[in-house]
Amino acid sequence: MTAAQGEGQLKYQRIADALKAAIASGEYGPGDRLPGENELMVTYQVARMTARQALGVLRSEGIAEARKGAGVFVRTFQLRRRRGIQRLARDRWAAGHSVWDADLEAGHELVVDSLTVREEAVSDRHTQTLGLSPGSRAVVRTRRFVVNGKPVLLAVSHLPASLAAGTAIAEEDSGPGGIYARLAELGQGPARFREEIRCRMPTTAEAERLRLSSGTPVVLVCRTAYTAEGRAVEVNEMTLDASSYILEYDFDA
């Protein structure tokens with residue numbers, strides 16, 4: 001990196017830091033329009049690319065969002081706190097509560113849309129995890145979760161068709177407590193969960209379905225549910241808008 005490049009990087013970062021400080025102080029509140037590229041160029045005496053990069057920092061960190069033809073605005077959407085352990089507690093779904101309710105704060109509305117349930121050949125990557133042979137069938141539940149009008153998460157659950165086909169699990173409305181309560185009624189209730197987490201940039205389809213701003217990554221959470229006997233009964237692949245979530249794990253030492 002040349003000295004000029006280093007100086008330019010410092011300039012856009014300083015502008016981004018100043019804008020973040022102004023947002024933190026309340027000078028710009030949720031929904032307020034931030035200074036545009038032209039304004040930043042004049043105020044800080046920088047090139048357009050530097051001003052654009054500064055605004056890009058706020059967008060990539062989920063602090064601001066661009067609205068086509070209108071400018072860049074402070075995000076009004078609040079971070080969701082995903083409580084990784086409390087949400088899966090047996091006493092929640094056994095009592096008829098959705099595991100997703102644990103993520104909601106007061107005044108937030110959760111809607112599940114784009115819900116589909118189908119039966120198909122189990123994918124190669126899930127045969128071993130679910131203990132199925134190639135060519136076996138799986139019940140696949142695909143959902144998109146929307147909070148206060150903002151898509152935040154995509155989820156695809158895979159369950160052995162030999163267990164789930166012909167039950168409420170294969171219906172769009174699986175009933176109170178969701179599929180874990182239905183599995184428990186079948187004598188196959190989850191007793192243990194494993195979650196694997198990684199991050200990457202979204203595919204084009206994911207970015208469209210989650211309405212992601214340019215440069216926003218996604219968090220991938222793959223959860224496997226096991227019975228007390230160690231049988232895997234569900235693999236749930238979730239794609240989260242990284243700018244919308246805090247992943248919280250609270251447990252005893």
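If you're wondering where the values come from, they're calculated on a predicted model, not measured in any experiment.
Two different hydrophobic clusters hold L154 and V99 under the rule that ILVMFWY side chains link at heavy-atom gaps under 4.5 Å. Both F193 and I85 belong to a single network of hydrophobic side chains, linked directly or stepwise wherever heavy atoms of I, L, V, M, F, W or Y lie under 4.5 Å apart. Cluster membership for Y245 and F145, using ILVMFWY side-chain heavy atoms within less than 4.5 angstrom, is shared. Under a hydrophobic clustering in which Ile, Leu, Val, Met, Phe, Trp and Tyr are joined whenever their side-chain heavy atoms come within less than 4.5 Å, directly or via other members, I197 and L88 fall into the same cluster. In the hydrophobic clustering of this structure, V74 groups with L19; members are Ile, Leu, Val, Met, Phe, Trp, Tyr whose side-chain heavy atoms approach within less than 4.5 Å, directly or through other members.
Around OH of Y249, the count of heavy atoms belonging to other residues, nucleotides or ligands within 6.0 Å exceeds 12. Few gaps surround CE on M201; more than 12 heavy atoms of other groups in view lie less than 6.0 Å from it.
At distances below 3.5 Å, at least one donor-acceptor pair connects side-chain atoms of R144 with backbone N or O atoms of R209. The closest donor-acceptor contact from the side chain of Q128 to the backbone of R125 lies at 3.5 Å or more, if one exists at all. A donor-acceptor contact shorter than 3.5 Å is absent between the side chain of R231 and the backbone of Q188. Q13 places no side-chain N or O within 3.5 Å of a backbone atom of L10 that could act as its donor or acceptor partner. Between the side chain of K150 and the backbone N or O of L210 there is at least one donor-acceptor pair closer than 3.5 Å. Under a 3.5 Å cut-off, the side chain of R141 and the backbone N or O of I169 do form a donor-acceptor pair. Listed for the S25 side chain is a donor-acceptor partner under 3.5 Å among the backbone atoms of A22.
In terms of heavy-atom proximity, A170 sits nearest to V117 at O-CG1, 3.3 Å. Closest of all the heavy-atom pairs between A121 and R137 is N-NH1, 3.3 Å. Here the closest non-hydrogen pair linking P190 and R90 is O-NH2, 3.3 Å. When all heavy atoms of D124 and T127 are compared, the closest pair comes out as O-OG1, 3.0 Å. Across all non-hydrogen atoms, the minimal contact from P176 to A181 is O-CB, 3.6 Å. The two residues V42 and Q45 come nearest to each other via the heavy atoms O-NE2, 2.9 Å.
Summarising the geometry, atom CG belonging to D91 is positioned 8.5 Å from atom NE2 belonging to H97; distances are rounded to the nearest 0.5 Å. Rounded to the nearest 0.5 angstrom, E65 CD and L34 CG are separated by 10.5 Å. Rounded to the nearest 0.5 Å, atoms CE (M41) and CZ (R48) are 4.5 Å apart. Rounding to the nearest 0.5 Å gives a distance of 10.0 Å between CD of E196 and CD of E237. Separation of atoms OG1 (T43) and CG (N38) is listed at 10.5 Å; rounding is to 0.5 Å.
Salt bridge present: D17 and K20 bring a charged side-chain N and a carboxylate O closer than 4.0 Å. Using a 4.0 Å cut-off between a side-chain N of Lys or Arg and a carboxylate O of Asp or Glu, E171 and R182 do not qualify as a salt bridge.
No side-chain heavy atom of T167 sits under 4.5 Å from any side-chain heavy atom of E185. Here the side chains of V233 and L159 are not in contact, with every heavy-atom distance at 4.5 Å or above. Side-chain contact check for L183 versus T227: every heavy-atom pair is 4.5 Å or farther apart. Side-chain contact check for V146 versus S114: every heavy-atom pair is 4.5 Å or farther apart. The closest side-chain heavy-atom distance from E248 to Q86 is below 4.5 Å. Taking the side chain as every heavy atom from C-beta outward, Y226 and R194 approach each other to under 4.5 Å. At a threshold of 4.5 Å between non-hydrogen side-chain atoms, the residues C222 and V235 count as touching. Two residues are said to be in side-chain contact when any heavy atoms from C-beta on lie closer than 4.5 Å; L212 and E206 fail this criterion.
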Determine whether V72 and L58 satisfy the following criterion, side chain to side chain contact (heavy atoms under 4.5 Å, CB included), listing intermediate values before the conclusion. CA-CA 9 Å; V72 178; L58 271 66; 5.8 Å; no
Derivation and outcome, side chain to side chain contact (heavy atoms under 4.5 Å, CB included), residues Q53 and I15: CA-CA 9 Å; Q53 288 175 310; I15 297 171; over 6 Å; no
Take L153 and V221 through the side chain to side chain contact (heavy atoms under 4.5 Å, CB included) test and state the conclusion after the steps. CA-CA 10 Å; L153 183 148; V221 180; over 6 Å; no
Between L247 and L240, is a side chain to side chain contact (heavy atoms under 4.5 Å, CB included) present by the stated rule, with each step listed? CA-CA 10 Å; L247 305 186; L240 289 67; 4.0 Å; yes
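Between the side chains of S157 and R143, at least one donor N or O lies within less than 3.5 Å of an accepting N or O. Under the 3.5 Å distance criterion, with hydrogens and angles disregarded, a donor-acceptor pair is assigned to the side chains of R75 and S243.
Taking the ring centre of Y44 as origin, the terminal cationic atom of R14 falls outside the region bounded by 6.0 Å and 45° from the ring axis.
The only option from P160, S136, S123, S162 that meets the side-chain contact (heavy atoms from CB on, under 4.5 Å) definition with L130 turns out to be P160.
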